[in-house]
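These notes concern the structure reproduced below.
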Amino acid sequence: MREIAKIDTTFAEQIKNECGENVYSCYQCKKCTLGCPTAYAMRYKPHQLIEAIQLGQKDLVLKDQSIWLCLSCQTCMARCPQNLDFVKVADAARIIAQREGFKIPVPEIAAFNSSFLSLVERFGRIYEIGLVMLIKLKTKQIMKDMAMGLPLFFKGKFSFLPHKVENISAVRRIFRNTKELEQK
């Protein structure tokens, strides 16, 4: 039996309030999707996600992995005749999904984001081995991709110890200020 989709008529307005983009300016020319490098992996392509937002299909958009696969490359925006910024729309959808408690359908993405930011906050730059280990621990996939990582390690592509930037206090101040802004 097919599930009847719930319609949230305020969803497009919620997206606009979050990012400033008016999804109703899209007239489904599909140029965004034709240029998107990750569209092949998305269940719902960028133009379909915009249409779903226009139609108030909030659950469909926020539960699906497609909004999490956007690379923020802005190819879609460069191609859009209406200058609609799909990257901002996808960011807004991700923020709303997290705020409203939707489960992130691709746990590796959440693990990457939190690990990356914690390492940048701590060292001021990325520490590759630390990033890989944090993601492996968070996703509980310790041995996955080991065959790819070991040759890189033995070729010296990964530094064994982390390096800090000179002015790490400035980086930490940026993180502290951002956290204060998020709490307001």
Side-chain angles (χ1 to χ4, degrees), residues 1-120 126 128 131-132 134-136 138-141 144-145 147-149 152 178 181-182:
M1 178 179 237
R2 290 185 73 185
E3 181 179 329
I4 298 174
K6 288 191 315 188
I7 302 297
D8 183 340
T9 56
T10 64
F11 188 38
E13 191 65 30
Q14 198 178 4
I15 292 287
K16 186 176 182 180
N17 290 339
E18 195 66 44
C19 70
E21 294 296 311
N22 180 3
V23 294
Y24 292 114
S25 67
C26 175
Y27 54 81
Q28 297 292 306
C29 70
K30 302 178 186 171
K31 286 185 176 181
C32 54
T33 295
L34 295 175
C36 178
T38 57
Y40 74 92
M42 295 176 169
R43 179 184 307 169
Y44 301 106
K45 313 301 182 215
H47 76 281
Q48 293 171 318
L49 289 168
I50 295 293
E51 184 177 28
I53 294 169
Q54 291 171 339
L55 296 173
Q57 296 177 314
K58 186 175 184 176
D59 284 353
L60 180 144
V61 172
L62 300 184
K63 287 180 180 176
D64 191 72
Q65 69 175 8
S66 300
I67 59 171
W68 296 94
L69 298 178
C70 173
L71 298 174
S72 303
C73 69
Q74 297 193 329
T75 303
C76 50
M77 184 187 154
R79 299 173 59 98
C80 180
Q82 296 293 94
N83 292 323
L84 178 63
D85 190 340
F86 177 77
V87 173
K88 285 184 178 178
V89 172
D91 283 344
R94 289 190 291 251
I95 290 168
I96 293 167
Q98 288 184 308
R99 187 183 311 137
E100 296 188 7
F102 285 82
K103 182 181 174 193
I104 299 174
V106 187
E108 292 87 355
I109 292 173
F112 175 84
N113 288 342
S114 65
S115 301
F116 183 90
L117 289 174
S118 70
L119 290 171
V120 171
I126 196 64
E128 292 88 356
L131 179 65
V132 170
L134 286 173
I135 292 171
K136 298 292 180 193
K138 288 180 180 178
T139 59
K140 298 179 179 134
Q141 299 174 347
K144 185 178 179 190
D145 303 325
M148 287 192 313
L152 292 172
T178 302
L181 287 173
E182 287 176 344

> Would a 4.5 Å heavy-atom cut-off, applied to side chains only, mark S66 and Q48 as touching?
Replying inline: no
>> Any non-hydrogen side-chain atom of F86 less than 4.5 Å from a side-chain atom of C80?
In response: no
Rounded at 0.5 Å granularity, tell me how far [atom1] in [X] sits from [atom2] in [Y].
| X | Y | atom1 | atom2 | result |
| --- | --- | --- | --- | --- |
| M77 | L84 | CE | CG | 9.0 Å |
| M42 | L69 | CE | CG | 5.5 Å |
| E128 | L152 | CD | CG | 10.0 Å |
| I104 | L62 | CD1 | CG | 11.5 Å |

Which atom names give the shortest non-hydrogen contact between [X] and [Y], and what distance separates them?
| X | Y | value |
| --- | --- | --- |
| I67 | A90 | O-CB, 4.2 Å |
| P107 | P105 | CD-O, 3.5 Å |
| L55 | I7 | O-CG2, 3.4 Å |
| S114 | K138 | OG-NZ, 2.7 Å |
| I96 | F11 | CD1-CE1, 4.4 Å |

> Which pairs, with at least one residue in residues 34-51 and sequence neighbours excluded, count as a salt bridge (charged side-chain N to carboxylate O under 4.0 Å, His left out)?
Replying inline: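 Listed by first then second residue: R43-D64.
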>> Please list all pairs meeting salt bridge (charged side-chain N to carboxylate O under 4.0 Å, His left out) that have one or both residues in residues 80-99, counting only residues at least two apart or in different chains.
In response: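 Listed by first then second residue: E18-R99, D91-R94.
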Output all residues satisfying side-chain hydrogen bond (donor to acceptor under 3.5 Å, both in side chains) with [X], sequence neighbours left out; order by chain, then residue number.
| X | result |
| --- | --- |
| T75 | none |
| T10 | D8 |
| E100 | Q14, K58 |
| S72 | none |

> Is there any side chain to side chain donor-acceptor pair (under 3.5 Å) pair reaching into residues 27-38, and which pairs are they, with sequence neighbours excluded?
Replying inline: T33-H47
> Hey, is the main chain of K144 close enough, under 3.5 Å, to the side chain of K136 for a donor-acceptor pair?
Replying inline: yes
State which residues pass side-chain contact (heavy atoms from CB on, under 4.5 Å) with [X]; sequence neighbours excluded, sorted by chain then number.
| X | value |
| --- | --- |
| L60 | Y44, A52, Q57 |
| P37 | L71, C73 |
| L34 | R79 |
| V23 | A12, I15, I50, I53, Q54, V89 |

>> According to ring pair (Phe, Tyr, Trp, His ring centres under 6.0 Å), does anything in residues 89-116 pair up with another residue at least two apart or in another chain? List the pairs.
In response: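 Found F112-F116.
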